[in-house]
Q: 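Sending over a structure as structure tokens; questions will come in a sec.
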Amino acid sequence: MAMTQESGIQYEPVAEIGGGAYGTVYKARDKQSGQFVALKSVRVQTDQEGLPLSTVREVALLRRLEQFDHPNIVKLMDVCATLRTDQETKVTLVFEHVDQDLKTYLEKAPPPGLPVSRIKDLMRQLLCGLSFLHSHRVLHRDLKPENILVTSRGQVKLADFGLARIYSCHMALTPVVVTLWYRSPEVLLQSTYATPVDIWSTGCIFAEMFRCKPLFCGESEVDQLTKIFSVIGLPSEDEWPTDVTLSRQNFCPQSPQPITDSVPEISEEGADLLLKMLTFDPLRRISALSAQEHRFFSDQPDNS
Amino acid sequence: MHDKDKLATAAANGNVELVESLLLNGADVNGVNRFGRTPIQVMMMGSTPVARVLLAHGADPNVVDAHAGATPLHDAARTGFLDTVKILIQFGANPDVGDNNNYRPVDLAQQNGHQEKTSKVSRVALFRSFAHYPVIPAFIPSYLK
Ligand SMILES: Nc1ncnc2c1ncn2[C@@H]1O[C@H](COP(=O)(O)OP(=O)(O)O)[C@@H](O)[C@H]1O
Ligand SMILES: [Mg+2]
């Protein structure tokens, strides 16, 4: 994998597929292989020293992850740096392109939705990719069906991870509408957060696999939290984080509702795992590694 | 984003609702984006619903990529999305055309190992469904061999 100087030569963009505060994502064709790739570029400020150390570190981390060739992570094929001006460099990451996301995959499932065996397989792969990232101290932070890719062979590949630190310097340039639906309570409350945020998102996605529609569809941070508490109950005063401005008094007292009210199709083992993922306290939420060992995945014959 | 890119981008994102509403509001199904590509050339190949909507609105399935010489059928076959292959053929995509390397869609499917995954049952089903189409799919016999 080489640091190519000029990104325009080998990859030809064919469509814009995403745009954030930091840069743009393109679907492009690798002229050599004819295959599609995803180009993600981010503009970074440069000085006499060149690229900021944080960017170099982050790219180095992504390339180190790539060496493991993990089956459930999109491949990072190339990294290009193009000098734009004296103060600005465009860093382009070239990822393998997968022509289907989980959102599309779920939309295509004929009624009554995905068979449990398929949900197990997808969840196994998702958790496998996630525990790999977490074991390397990489947070995804934006897990949602659009960022979970599914190949035509049913292989799950996580996209759009690990760029947090490159981006963070460039955020808030353009207001972007980000979906709140998969955000964990600690992120919504702007408390400190770590790897458990991804498990929360995974829980929401797990429920969605059964429901074929999103679990919590809030329109604002407070609305999202309200919807969450209407299912898991309002957490107790001592569970409420202390480092947040939004107080618990803003929400109505609520007791937890049976999860099968929201996800009627789920089995007893599935419900147990789901509740462990949708635990308010991030420290008591199940880890990706433990989730992989949950009895939901044990090889009992499926009823469906 | 440029206005004329909207439909292609929606197709690339597999956003079938947006594709549909843009088309109903008069977007040109064969209009090119700023990269000179039509929506069907850049659509999410796994999104059979998007393929269906575009084709139903008159998208040209035989449009050729200016540089790679690939048609949407080449890309659907290479990536292994059989349902999309099926619907493209149903709407008249030519299975015999070669790309710049003279590969036909079936060659790309085979190179990427996608011919194995059709089990015997689904092969038969696929073949039957093709048998009804007015276009004789020369693609199928070789694809299924
Ligand atoms: N490797 C990839 N292959 C295919 N599609 C991708 C890939 N990476 C991203 N995408 C698509 O592009 C969209 C935007 O890209 P993403 O990396 O999520 O950027 P953003 O930070 O703007 O969310 C995603 O929602 C996803 O559907
Ligand atoms: Mg994203």
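Chain letters run A, B, ... following the sequence lines, proteins first and then strands; every chain starts at 1. Computed from heavy atoms alone, side chains included, the values below leave out hydrogens, waters and symmetry copies.
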Q: Report the option among B:Gln41, B:Met44, B:Met45 that has the most heavy-atom pairs separated by less than 4.5 Å from atoms of chain A.
A: B:Met44
Q: Ion pair present between A:Asp160 and A:Lys144, side-chain N to carboxylate O less than 4.0 angstrom?
A: no
Q: Can a salt bridge be assigned to the pair B:Arg37 and A:Glu12 using a cut-off of 4.0 Å between side-chain N and carboxylate O?
A: yes
Q: Non-hydrogen atoms of chain A under 4.5 Å away: do they reach the side chain of B:Asp65, the backbone, both or neither?
A: side chain
Q: Of the non-hydrogen atoms in B:Gly31 and B:Pro39, which two are nearest, and what is the gap between them?
A: O-CD, 3.3 Å
Q: Which atoms of B:Asn33 come close to chain A, meaning under 4.5 Å heavy atom to heavy atom: side chain ones, backbone ones, both, or neither?
A: side chain
Q: Can you tell whether the side chains of A:Arg183 and A:Asp142 come within less than 4.0 Å, N to carboxylate O?
A: yes
Q: Under 4.5 Å from any heavy atom of chain B, what part of A:Val98 do you find: side chain, backbone, both or neither?
A: neither
Q: Any Lys/Arg nitrogen of A:Asp99 or A:Lys27 sitting under 4.0 Å from an Asp/Glu carboxylate oxygen of the other?
A: yes
Q: Check each atom of A:Tyr26 against the heavy atoms of chain B and say whether the ones under 4.5 Å are side chain, backbone, both or neither.
A: side chain
